[in-house]
Amino acid sequence: MSPLGLLVVGAPRNAAAEVEVLLSLLPARLNVPVALVLHRGPYDSLAGPLGRRCLLPVVEPDDKDELVAGHVYLAPAGYHLMVDRDSIALSREPSEHGQRPAINPLFESAADAYGPSAAGLLFSGHEDGWAGLSVLRERGGRAAVVGEGEAGEGGERVSLNEVKAWLARLSYGSRMKVQP
Amino acid sequence: MSALTRGAELEVLELELLVEGVRRQYGFDLRNHSRPLLLRRLRRHLREERLDTFSSLQGKVLHDPEAMEGLLRALACPPEPLFADPAFFQAFRTRVVPMLRTYPSIRVWHAGCGSGEETYALAILLMEEGLWSRCRLYASDASEGLLADARTGVLPLPGEVDARNYQEAGGRRALTDYYTRDGNWAVLQPALREGIFFTQHNLATDGSFNEFQVVLCRDTLLAFNMALARRAHERLYESLTRFGFLCLGRKESVSRTPYATAYEEMQGTGRVFRRLS
């Protein structure tokens, strides 16, 4: 199992409160970058309120910003957030599933750039994100879904309480002997 | 490694062969384009063309120049409505225009104008501010096809959102004053169309062609990787007069270019930079 290189998170607008909880659960010494798409309106400055309980810095990055471990990169209003190897790539392409930022572009780019060392966490409740999550799994990345979803789709189900344990397992995954 | 991961590796190989083929056959170099964006646009193009692999696209493109033109269009920045970013125009009007008023003549370059929506929006703004007669507005793009669209001055008919954006951008009249309706299309005023010089220029390869007081290059460099974006920033820098204005996209910056200290970001403008040295 390859070591974790990047965590990508996607969530629809109505999961904003849960995303805030998730951010508060991230360990202060997380050794990978986190890229986050939350469906949002056309206005800036969501990083502040969303990250107030998070131990890590939450930023709305500029294009081509470097991906630094222990930072949370929130997709800015009006742009799709994607990742290249070690850097941010923004795009002004049309909305997907009515959303810009959308989740699929982030998950697909993570699968391309990080392959098996990418992990994706999708908050269910919207049709956006499932296609990207499935590409991520095809490329050997690990995937989990928070909340309801169709059976057999998307990968492991976790509740918000279990996310911390899921993350810990990913981070130490390379040392595990047995895979389910 | 799993079979699917091998599939991913094969796709990377096919992409590299396609890029190399396009470069050798047509001289269009995609090697330094933003990889995630390139993949995304190519995959969408594949779906639209009902092709399965980059190899099959390569075969088509190499044998058919029309397929190449289609590919270039697919890779171009998709058109946005007029005044798509009202906050920028609002800031330009209140912060940049007063300083432009002190200039006897103003050369403006819109680099990467695409099909021209933002160029026309800027022209409307300059007209409203009484600067149009003092301005020479040059708009350039790498794609001849998009420039041809831009030159027509015909746009999809603006809707309510566009009218609202125009007001938010500080518009002084009604947006409908600037075009005549033709079915579902808007034909822009001749005074706007005739005052803009649309010209072919590739930011990736071509040099600087004049000195300008204002350079607009918004969200165009998103398509390039870091190395190419740096080179393009060289062109932009060389093309600006001292104290000239560089207008970038809301999420673009000069901080990771060699010109980080050569510009000052103007407070409260989003991303308008002034060349200092």
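A note on names: the letters A, B, ... follow the listed sequences, proteins ahead of strands, and every chain is numbered from 1. It should be emphasised that the depicted structure is a prediction, and the values quoted were computed from it without experimental measurement.
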Visitor: So for L222(B), is it side chain, backbone, both, or neither that comes closer than 4.5 Å to the heavy atoms of chain A?
Guide: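 It is both, since atoms from each part get that close.
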Visitor: Highest number of heavy-atom pairs under 4.5 Å with chain A: which of E80(B), E252(B), R271(B)?
Guide: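 Winner by heavy-atom pair count: E80(B).
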Visitor: Of all heavy-atom pairs between L82(B) and A121(B), which one has the smallest distance, and what is that distance?
Guide: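 Between these two residues, the closest heavy atoms are CD2-N, 3.8 Å.
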Visitor: So for R44(B), is it side chain, backbone, both, or neither that comes closer than 4.5 Å to the heavy atoms of chain A?
Guide: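 The side chain, not the backbone.
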Visitor: Non-hydrogen contacts under 4.5 angstrom with chain B: give the residues of residues 7-20 of chain A involved, or none if there are none.
Guide: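 Checking residues 7-20 of chain A against chain B gives no residue, so none.
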Visitor: Check step by step if side-chain contact (heavy atoms from CB on, under 4.5 Å) holds for T257(B) and Y237(B).
Guide: CA-CA 11 Å; T257(B) 73; Y237(B) 175 80; over 6 Å; no
Visitor: Using a 4.5 Å cut-off on heavy atoms from C-beta on, say whether the side chain of L42(B) contacts that of L75(B).
Guide: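 Yes, side chains in contact.
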Visitor: What closest approach, in Å, do T269(B) and M266(B) show between heavy atoms, and which atom pair accounts for it?
Guide: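 Closest heavy-atom pair between T269(B) and M266(B): OG1-O, 2.6 Å.
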Visitor: Who wins among G115(A), P61(A), A113(A), S87(A) for the most heavy-atom pairs under 4.5 Å with chain B?
Guide: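 When all of G115(A), P61(A), A113(A), S87(A) are compared, P61(A) has the most.
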Visitor: Report, by ascending residue number, the residues of residues 64-78 of chain A in heavy-atom contact with chain B at a distance under 4.5 Å; give 'none' if the set is empty.
Guide: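 Within residues 64-78 of chain A, near chain B: K64(A), D65(A), P76(A), A77(A), G78(A).
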Visitor: Please lay out, stage by stage, how D128(A) and Q99(A) fare under the test side-chain hydrogen bond (donor to acceptor under 3.5 Å, both in side chains).
Guide: CA-CA 8 Å; D128(A) 178 29; Q99(A) 302 294 329; over 6 Å; no
Visitor: Using a 4.5 angstrom heavy-atom cutoff, name the option from K251(B), R41(B), R250(B) with the most pairs to chain A.
Guide: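 Top option by heavy-atom pairs under 4.5 Å: K251(B).
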Visitor: What closest approach, in Å, do H201(B) and S140(B) show between heavy atoms, and which atom pair accounts for it?
Guide: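 That closest heavy-atom pairing would be CB-CB, 3.6 Å.
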Visitor: Would you call the rings of F83(B) and F89(B) parallel, tilted or perpendicular if under 30° counts as parallel and over 60° as perpendicular?
Guide: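 Aromatic pair F83(B)/F89(B) classed perpendicular.
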Visitor: Could you go step by step and tell me if L50(A) and L36(A) meet the side-chain contact (heavy atoms from CB on, under 4.5 Å) rule?
Guide: CA-CA 11 Å; L50(A) 197 67; L36(A) 164 65; 4.0 Å; yes
Visitor: Below 4.5 Å from any heavy atom of chain A, which atoms of R256(B) appear? Answer side chain, backbone, both or neither.
Guide: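 Side chain only.
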Visitor: In a check of salt bridge (charged side-chain N to carboxylate O under 4.0 Å, His left out) between D112(A) and each of R43(B), R35(B), R40(B), which one passes?
Guide: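 Passing option: R43(B).
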Visitor: Looking at CG of D149(B) and CD of E117(B), how far apart are the two atoms once the value is rounded to the nearest 0.5 Å?
Guide: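 Result: 9.0 Å between the selected atoms.
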Visitor: Are D63(A) and L221(B) side-chain neighbours, meaning at least one heavy-atom pair lies under 4.5 Å?
Guide: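 Not in contact.
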Visitor: Under the 6.0 Å and 45° cation-pi test, does R100(A) pair with Y79(A)?
Guide: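 Negative - R100(A) is either too far from the ring of Y79(A) or too far off its axis.
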Visitor: Between L57(B) and H45(B), what is the shortest heavy-atom contact and its length?
Guide: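 Nearest heavy atoms, L57(B) then H45(B): CD1-CD2, 3.9 Å.
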Visitor: Return the option, out of A111(A), P105(A), S109(A), with the maximum number of heavy-atom pairs under 4.5 Å with chain B.
Guide: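 The residue among A111(A), P105(A), S109(A) with the greatest pair count is P105(A).
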